[in-house]
Amino acid sequence: MGKLIGILVPVLALAQHGKDDEKARHLFMGDAARIEAGRKIYAGGCAGCHGPEGMGGRGPSLVERGAWHPMSDEMLFKTIQNGVGIMPAAKLPEDRGWELAAFVRSLTAPAIEMKAPGAAAAGAMLFWGRAGCSACHRIGDKGGFTGPNLSNVGRSSTLPKLRRSILEPDYERTPGFERAEVVLRDGAKLSGLVKDRTNYQLQLQLKDGTLRTLDMKQVEALDLQSTSAMPGDYGARLSREEITNLVSFLRQQSPQ
Ligand code: HEC
Ligand code: HEC
């Protein structure tokens with residue numbers, strides 16, 4: 001009897017497998033060593049067109065999740081091996097091709113699922129200390145309100161995106177963090193973040209986190225700032241190692 005079950009189970013598993021083939025994950029996906037190997041192939045043959053971190057260049061960004069995420073592992077592998085449009089066929093040995101596909105896939109995986117270099121503890125010290133990040137960002141129940149809450153950023157962001165968020169805050173703005181200076185009809189001045197705006201109402205979040213809803217009839221002047229409140233010079237103020245440490249700290253942020 002025991003033996004019979006032993007045979008039955010794999011047969012069922014096989015039948016299941018056939019059904020889900022489209023979504024089947026290739027063995028190399030998420031494997032840190034294969035991804036590392038893929039990273040080296042990428043640097044040599046792909047970075048010239050897709051950018052050193054996959055942000056795009058002559059070729060499209062490989063980091064923007066929406067653009068190509070629906071692609072199955074098999075499709076990704078074939079695109080790389082056979083080329084598309086002006087992109088040349090890579091024609092790599094099978095395992096090398098899959099290593100490269102695993103690396104490209106890792107660019108859109110949640111940061112927390114990926115291995116990353118750097119010292120998270122040193123990144124935490126920078127975040128809560130000298131780099132001043134916590135003046136604007138909250139993690140858990142500590143920190144400021146000027147920037148998005150980063151308590152779940154290890155899940156909601158990818159490694160390349162985390163790095164770019166620190167180096168180029170204006171690249172991708174987050175809705176709800178547009179700064180505004182407001183002068184009211186009675187002369188009072190307010191500044192804060194525009195959380196909501198219609199023709200009739202303006203909802204501002206003040207520095208201490210409180211929300212203030214203003215009737216547009218009260219508003220004399222409204223000055224919207226086009227650039228991010230986040231300083232754009234961290235790339236100059238922090239060393240490469242410090243940025244890597246910050247990314248390593250942020251990638252761990254996820255409730256529990
Ligand atoms: C000569 C420049 C060039 C090189 C080299 C190159 N690519 Fe591309 N790649 C492109 C262009 C351009 C496209 C868009 C093609 C199209 O849709 O017509 C593209 C498309 C892709 C896509 C599909 C993206 C999508 O949104 O559909 C993937 C994945 C990709 N490249 C990965 C790679 C990898 C991995 C390598 C290294 C082996 C590589 N590319 C080398 C230019 C290049
Ligand atoms: C003066 C306030 C301020 C400081 C200081 C600041 N940020 Fe930001 N940060 C912001 C704002 C505002 C945004 C949203 C981008 C925008 O303006 O639309 C943001 C966005 C981000 C994002 C993207 C969030 C997301 O939703 O994906 C990350 C990550 C981030 N900051 C990390 C940091 C780190 C790390 C530091 C310290 C090195 C830092 N920030 C310092 C204000 C700040």
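In each ligand, atom 1 is the first atom listed, and ligand 1 is the first ligand listed.
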Report summary line: of all protein heavy atoms, closest to atom 12 (C) of ligand 2 is Thr146 O, 3.3 Å
Query raised in the report: Above 12 or not: heavy atoms from other molecules or residues under 6.0 Å from CG of Leu27?
Result: no
Report task. Would you mind reporting whether Val63 and Thr108 have side-chain heavy atoms less than 4.5 Å apart? Result -> no
Query - Chi angles and distances behind the side chain to side chain contact (heavy atoms under 4.5 Å, CB included) call for Ser151, Gln253 - result: CA-CA 5 Å; Ser151 302; Gln253 301 313 315; 6.0 Å; no
Query - Heavy-atom proximity to atom 3 (C) of ligand 1, best of Gly57, Ala43, Gly44, Cys49 - result: Cys49
**Report entry** Flag side-chain contact, heavy atom, 4.5 Å: His137 against Phe127
**Finding:** yes
Requested in this report: Could you tell me whether the side chain of Asp73 reaches within less than 4.5 Å of the side chain of Phe77, counting heavy atoms only?
Outcome: no
Query - Residue portion contacting ligand 2 (non-hydrogen atoms closer than 4.0 Å) for Pro231 - result: side chain
Query raised in the report: Considering only protein heavy atoms, which is closest to atom 41 (C) of ligand 2, and at what distance to one decimal place?
Result: Tyr234 OH, 3.5 Å
Requested in this report: Hey, can you tell me if His26 and Trp98 have their rings parallel, tilted or perpendicular (30° and 60° cut-offs)?
Outcome: parallel
Query raised in the report: Closer than 2.8 Å to atom 8 (Fe) of ligand 1, do we get an N, O or S atom from Thr79, backbone or side chain?
Result: no
Requested in this report: Flag the pair Glu178 and Arg197 as a salt bridge only when some basic side-chain nitrogen lies within less than 4.0 angstrom of an acidic carboxylate oxygen.
Outcome: no
Query raised in the report: If you group Ile, Leu, Val, Met, Phe, Trp and Tyr by side-chain heavy-atom gaps below 4.5 Å, do Phe177 and Val153 land in one group?
Result: no
Query - CE (Met75) with more than 12 external heavy atoms under 6.0 Å - result: no
Report summary line: Numbered in order shown, the ligand 2 atoms found under 4.0 Å of a heavy atom of Gly132 are 5 (C)
Query raised in the report: Which protein N, O or S atoms lie under 2.8 Å from atom 8 (Fe) of ligand 2?
Result: His137 NE2, Met230 SD
Report task. Tell me, yes or no, whether the heavy-atom count around Met125 atom CE, taken from other residues, nucleotides or ligands under 6.0 Å, exceeds 12. Result -> no
Report task. Flag His50 as yes when one of its N or O atoms lies below 3.5 Å from any N or O atom of ligand 1, and as no otherwise. Result -> yes
Query raised in the report: With atoms numbered from 1 as shown, which atoms in ligand 1 lie under 4.0 angstrom from a non-hydrogen atom of Gly59?
Result: 10 (C), 11 (C), 12 (C), 42 (C)
Query raised in the report: Does an N or O from Ser157, backbone or side chain, lie closer than 3.5 Å to an N or O of ligand 2?
Result: no
Query raised in the report: Any idea which atoms of ligand 1 are less than 4.0 Å away from a heavy-atom of Leu100?
Result: 35 (C), 38 (C)
**Report entry** Part of Thr174 with heavy atoms under 4.0 Å of ligand 2, whether side chain, backbone, both or neither
**Finding:** both
Query raised in the report: Should you measure from each heavy atom of Met71, which atoms of ligand 1 turn up under 4.0 Å away?
Result: 27 (O)
Query raised in the report: With a 4.5 Å limit on heavy-atom distance, are the side chains of His50 and Met87 in contact?
Result: yes
Requested in this report: State the atoms of ligand 1, each with its element, that fall below the 4.0 Å cut-off from a heavy-atom position in Ile80.
Outcome: 35 (C)
**Report entry** Residue Val84 vicinity, atoms of ligand 1 by number, heavy atom under 4.0 Å
**Finding:** 15 (C), 16 (C), 20 (C)
Query raised in the report: Got Met216 and Asn199 here, is their nearest side-chain heavy-atom distance under 4.5 Å?
Result: no
**Report entry** Criterion salt bridge (charged side-chain N to carboxylate O under 4.0 Å, His left out) on Lys161 and Glu172, from CA distance to verdict
**Finding:** CA-CA 9 Å; Lys161 243 181 106 174; Glu172 198 176 340; 3.7 Å; yes
Requested in this report: Just need the protein heavy atom nearest to atom 16 (C) of ligand 2, so name the residue and atom and give the distance.
Outcome: Arg173 NE, 3.1 Å
Query raised in the report: Just which atoms of ligand 1 are under 4.0 Å from any heavy atom in Val104?
Result: 35 (C)
Report task. Dump the intermediate steps for side chain to side chain contact (heavy atoms under 4.5 Å, CB included) on Glu242 and Arg130, then the final yes or no. Result -> CA-CA 11 Å; Glu242 286 172 324; Arg130 184 162 55 82; 2.5 Å; yes
Query raised in the report: For ligand 2, which atoms have a heavy atom of Leu246 less than 4.0 angstrom away?
Result: 38 (C)
Query - From the candidates Ala89, Gly54, Gly85, the one that places a heavy atom nearest atom 18 (O) of ligand 1 - result: Gly85
Query raised in the report: Got a salt bridge between Glu99 and Lys40, using NZ or NE/NH1/NH2 to carboxylate O under 4.0 Å?
Result: no
Report task. Would you mind finding which of Ala90, Gly83, Pro60, Ala101 brings a heavy atom closest to atom 13 (C) of ligand 1? Result -> Pro60
Query raised in the report: Which ligand 1 atoms are under 4.0 Å away from a heavy-atom of Ile86?
Result: 12 (C)
Query raised in the report: Which atoms of ligand 1 are found less than 4.0 Å from any heavy atom of Gly45?
Result: 5 (C), 37 (C), 41 (C)
Query raised in the report: Is any side-chain heavy atom of Phe145 less than 4.5 Å from a side-chain heavy atom of Arg138?
Result: yes
Query raised in the report: For atom 27 (O) of ligand 2, which protein heavy atom lies nearest, and how many Å away is it?
Result: Val153 CG2, 4.2 Å
Query raised in the report: So do Val247 and Leu159 actually touch side chain to side chain, heavy atoms under 4.5 Å?
Result: yes
